[in-house]
Amino acid sequence: MSVITRFAPSPTGFLHIGGARTALFNWLFAKHHGGEMLLRIEDTDRARSTDAAVTAIHEGLHWLGLDWQGDPISQFARADRHAEVAQQLLAAGNAYKCYCTPEELAAMRETAKAEGRSLRYDGRWRDRDPAEAPSDASPVIRLKAPQTGATVVNDLVQGVVTVQNSELDDMVLLRADGTPTYMLAVVVDDHDMAVSHIIRGDDHLTNAIRQRQIYDLMDWTVPLFAHIPLIHGADGAKMSKRHGALGVEAYAEMGILPAALRNYLLRLGWSHGDEEIIDTDQAIAWFDLDGVGKSAARFDIPRLESLNSHYIRAMDEGDLCALLAQQLVKTEGRDLSQAELARLPLAVNALKERAKTLVELADKAGFLLDNRPLPMEDKAAGLLTGDAPALLSRAHAVLSAVEDWNVETLTEVIRGLAEAEELKLGKLAQPLRAALTGRNSSPGIFDVLYFLGQPESLDRIGDHMA
RNA sequence: GUCCCCAUCGUCUAGUGGCCUAGGACGCUGGCCUCUCACGCCGGAAACAGGGGUUCGACUCCCCUUGGGGACGCCA
């Protein structure tokens with residue numbers, strides 16, 4: 001059997017982190033089995049669906065590096081087909097018309113709640129004579145679900161889940177206005193799209209039971225279900241758009257790399273022994289449903305950042321430079337000069353050891369920009385007091401004499417000066433660092449001199465000489 | 001409230017009856033390295049929710065309790 005999975009978000013907002021993981025699992029599973037992932041937009045709720053959200057979902061998936069087969073399918077566009085299936089069910093006696101008003105239904109729930117029963121429809125139109133139908137109201141169509149026995153789903157993650165049919169009511173298939181409900185639409189679409197594996201959040205687990213009833217009554221092959229545990233927020237509650245979930249673009253904004261987010265999301269709820277760093281090719285090779293855990297996971301930013309710093313360090317130098325330049329342009333709000341751009345490749349390797357995110361990387365690269373007089377952090381200013389200015393004058397003198405501006409020479413010269421002054425290197429390096437970067441921490445001081453070049457270095461030192 | 005699902009360090013997890021005096025990772029923390037900050041290296045604290053069974057033997061199987069989550073819409 002060929003593997004076909006689908007990612008089916010509703011376009012009511014950005015691609016949030018939970019959806020991103022669901023998409024990733026679907027994508028990985030399909031790739032692993034040589035199958036394909038389809039994209040279906042569940043836009044049957046016309047009031048809440050927006051084109052902007054559809055675009056955001058596409059962009060989110062692209063950013064994450066996930067693709068899908070063919071054109072995205074609009075669920076709304078298939079409404080006629082859904083209605084057709086409902087009519088088929090009706091004709092076969094497996095569905096019926098229900099004329100209950102919303103008020104009636106609400107009252108039903110109230111009494112059910114008061115009596116401590118589950119909140120379901122009592123099936124009052126199930127066997128009622130159609131002749132009793134009010135002429136002025138249009139009915140909804142409900143599934144004539146089995147009332148005895150039990151419905152079972154053998155979930156690939158959660159195992160066998162059984163619910164007594166007496167616990168389930170006759171769900172609405174077609175609304176009074178003739179549009180399909182989600183329950184009907186998913187089943188029809190998944191069937192028509194030949195989806196073999198439905199991988200989704202386990203908030204759908206109980207839905208799967210009800211959906212199975214439709215498959216059975218239509219005599220359709222039931223796809224395999226895999227309900228993956230939800231991602232919870234730091235407080236342990238379900239993450240949703242209304243509750244703490246951020247869109248993937250928020251992580252892009254924080255300077256998270258797609259590769260890092262993929263790795264992080266993968267390890268949230270899935271494992272392969274003690275493996276932690278798993279790149280995408282490896283993930284495709286290893287991913288399967290038996291590695292998926294059953295319990296919910298909490299979202300943990302420090303962990304994501306740790307992975308991110310790994311991927312930043314592992315990244316191709318040129319690519320990282322491009323990202324750094326891009327980030328700097330964003331934070332500075334201006335284009336970079338040729339001189340500034342030229343310093344980036346020199347410094348990027350030293351900088352990336354110190355950054356957990358692209359934002360941090362750009363921040364730590366700030367001293368490479370031409371912005372004299374340098375903004376001075378308090379701690380750096382403290383390093384420029386006392387005899388520091390005098391020391392900087394002597395450093396300026398020896399550095400002016402340097403003819404071959406490279407790390408090796410600079411090391412010799414600066415160490416030589418420290419020795420001549422009978423100072424520990426730190427006593428000289430710290431004032432230099434402050435003058436050169438405006439900060440009390442930076443890459444190695446010989447590197448910093450080298451990155452900046454002779455003229456700029458001398459100018460910066462000059463700004464703080466006695 | 002009813003139904004369904006879940007339960008190992010703070011967090012993500014390994015563990016599928018003896019290999020567990022429970023392993024790894026993030027975070028926290030002591031130290032080394034050192035021109036600062038990182039990186040790196042060495043070390044530390046930190047968990048099987050509780051109670052019953054089953055078994056020669058339970059983190060692993062069963063039951064109950066507790067805790068957490070989810071679903072109960074003419075939303076998806």
Side-chain angles (χ1 to χ4, degrees), chain A residues 8-12 42-45 47-49 75 98 100-102 105-106 109 112-121 139-142 155 158-159 161-164 166-169 171-177 179-183 185-186 201-210 227 229-230 232 234 236-238 264 267-277 293-307 309 313 350-356 364 379-380 383 414-415 418 424-430 432-434 437 439-446 448:
Chain A
S10 58
T12 55
E42 311 223 312
D43 50 359
T44 52
D45 184 349
R48 294 202 294 156
S49 298
Q75 188 158 67
C98 166
C100 276
T101 63
L105 260 11
R109 272 182 219 112
K113 196 168 187 173
E115 291 168 18
R117 290 180 289 111
S118 76
L119 282 23
R120 56 198 133 90
Y121 170 66
V140 300
I141 293 182
R142 287 183 184 272
D155 192 89
Q158 307 291 344
V161 179
T162 306
V163 174
Q164 295 304 313
S166 56
E167 294 294 333
L168 271 12
D169 65 1
M171 70 190 123
V172 173
L173 264 20
L174 230 46
R175 301 185 185 108
D177 66 1
T179 59
T181 60
Y182 163 76
M183 285 294 181
V186 218
D202 73 8
D203 48 340
H204 284 286
L205 187 55
T206 48
N207 289 338
I209 294 284
R210 322 191 98 220
H227 288 92
L230 264 18
H232 287 170
K238 178 185 180 181
Y264 177 70
R267 282 291 287 104
L268 218 50
W270 178 88
S271 62
H272 184 86
D274 283 337
E275 300 293 339
E276 300 289 351
I277 304 287
K294 298 172 109 178
S295 55
R298 298 189 188 205
F299 201 81
D300 187 41
I301 295 280
R303 172 81 169 213
L304 207 208
E305 288 185 333
S306 160
L307 243 11
S309 72
R313 277 178 268 156
L351 258 18
K352 71 183 182 185
E353 299 294 330
R354 298 166 167 78
K356 290 197 289 285
K364 299 204 184 295
K379 285 175 186 164
L383 295 169
I414 297 298
R415 281 196 187 280
K424 288 188 70 175
L425 181 57
K427 291 289 179 194
L428 175 56
Q430 282 304 79
L432 270 175
R433 187 181 321 279
T437 69
R439 304 191 176 194
N440 65 343
S441 81
S442 78
I445 200 63
F446 313 123
V448 169

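Convention: sequence-line order gives letters A, B, ...; per-chain numbering from 1.
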Spacing of the [atom1] atoms in [M] and [N] (rounded, Å):
N	M	atom1	answer
B:C32	B:A14	P	37 Å
B:G23	B:G30	C1'	22 Å
B:A38	B:G57	C1'	50 Å
B:C6	B:G31	C1'	41 Å
B:C59	B:A7	C1'	12 Å
B:C39	B:U60	C1'	40 Å
B:C64	B:C56	P	24 Å
B:A58	B:C20	C1'	11 Å

To the nearest angstrom, how far is [X] atom [atom1] from [N] atom [atom2]?
X	N	atom1	atom2	answer
A:Leu425	B:C35	CG	C1'	4 Å
A:Asp202	B:A7	CG	P	11 Å
A:Leu230	B:A71	CG	C1'	11 Å
A:Asp203	B:C72	CG	P	9 Å
A:Glu275	B:C26	CD	P	14 Å
A:His204	B:C5	NE2	C1'	15 Å
A:Phe299	B:G27	CZ	P	15 Å
A:Lys294	B:G70	NZ	C1'	15 Å

Counting just side-chain N and O atoms, does A:Thr206 come under 4.0 Å of either OP1 or OP2 of B:G70?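 So the side-chain polar atoms of A:Thr206 never come under 4.0 Å of the phosphate oxygens OP1 or OP2 of B:G70.
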Verify the contact: side-chain N or O of A:Thr44 to OP1 or OP2 of B:A76, cut-off strictly under 4.0 Å; return yes or no.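 Yes, such a contact exists.
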Tell me, do A:Ile414 and A:Leu432 make a side-chain contact under 4.5 Å, heavy atoms counted?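 Yes, close enough: below the 4.5 Å cut-off.
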Pairwise side-chain contact, A:Glu353 with A:Arg313, heavy-atom cut-off 4.5 Å (strictly under):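 SC-SC contact between A:Glu353 and A:Arg313 confirmed.
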Exercise: do A:Thr12 and A:Arg48 side chains pair donor with acceptor under 3.5 Å: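 No donor-acceptor contact under 3.5 Å links the two side chains.
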Which part of the nucleic acid, if any, lies within contact of [X], taking any heavy atom under 4.0 Å across all strands shown: a base, the sugar-phosphate backbone alone, or nothing?
X	answer
A:Val140	base
A:Gly269	sugar-phosphate
A:Arg313	sugar-phosphate
A:His227	nothing
A:Asn440	base
A:Pro9	nothing
A:Leu268	sugar-phosphate
A:Ala297	sugar-phosphate
A:Phe446	base
A:Cys100	base
A:Ser442	base

Nucleotide nearest [X] (side chain, heavy atoms from C-beta), chosen from [options]:
X	options	value
A:Leu205	B:G70, B:U11, B:C4	B:C4
A:Ala429	B:U13, B:G69, B:C35	B:C35
A:Glu276	B:G70, B:G27, B:A25	B:A25
A:Ser441	B:C4, B:U36, B:U13	B:U36
A:Glu167	B:U13, B:A25, B:C3	B:C3
A:Gln158	B:C6, B:C12, B:C35	B:C6
A:Glu42	B:A76, B:U11, B:A7	B:A76
A:Val163	B:C35, B:C4, B:C6	B:C4
A:Arg415	B:C35, B:U13, B:C26	B:C35
A:Val161	B:C6, B:C5, B:C35	B:C5

Is A:Arg267 salt-bridged to A:Glu275, going by a charged N under 4.0 Å from an acidic O?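 The answer is no: the pair does not qualify as a salt bridge.
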Carboxylate-amine/guanidinium contact A:Arg303 A:Glu276, below 4.0 Å: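 Looking at A:Arg303 and A:Glu276, the cut-off is met.
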Euclidean distance, [Y] [atom2] relative to [X] [atom1], rounded to 0.5 Å:
X	Y	atom1	atom2	value
A:Asp45	A:Thr179	CG	OG1	9.5 Å
A:Ile301	A:Ser306	CD1	OG	12.5 Å
A:Ser309	A:Leu304	OG	CG	10.5 Å

Please state whether the base of [N] and the side chain of [X] form at least one donor-acceptor pair under 3.5 Å?
X	N	result
A:Asp274	B:G23	yes
A:Asn207	B:A76	yes
A:Arg120	B:C72	no
A:Arg303	B:A25	yes

Hey, which sits more toward the 5' end of RNA chain B by its nearest nucleotide, A:Trp270 or A:Gly444?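 Final value for this comparison: A:Trp270.
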For RNA chain B, whose closest nucleotide is more 5', that of A:Asp300 or that of A:Pro102?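 Counting from the 5' end, the first nearest nucleotide belongs to A:Asp300.
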Does NZ belonging to A:Lys352 count more than 12 external heavy atoms closer than 6.0 Å?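 Result for NZ/A:Lys352: enclosed.
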Paired with [N] by Watson-Crick or G-U wobble geometry, both distances under 3.5 Å: which nucleotide is it?
N	value
B:G1	B:C72
B:G18	B:C56
B:C26	B:G10
B:G40	B:C32

Just say parallel, tilted or perpendicular for the rings of A:Tyr182 and A:His204, cut-offs at 30° and 60°.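 Tilted: the ring planes of A:Tyr182 and A:His204 meet at 30° to 60°.
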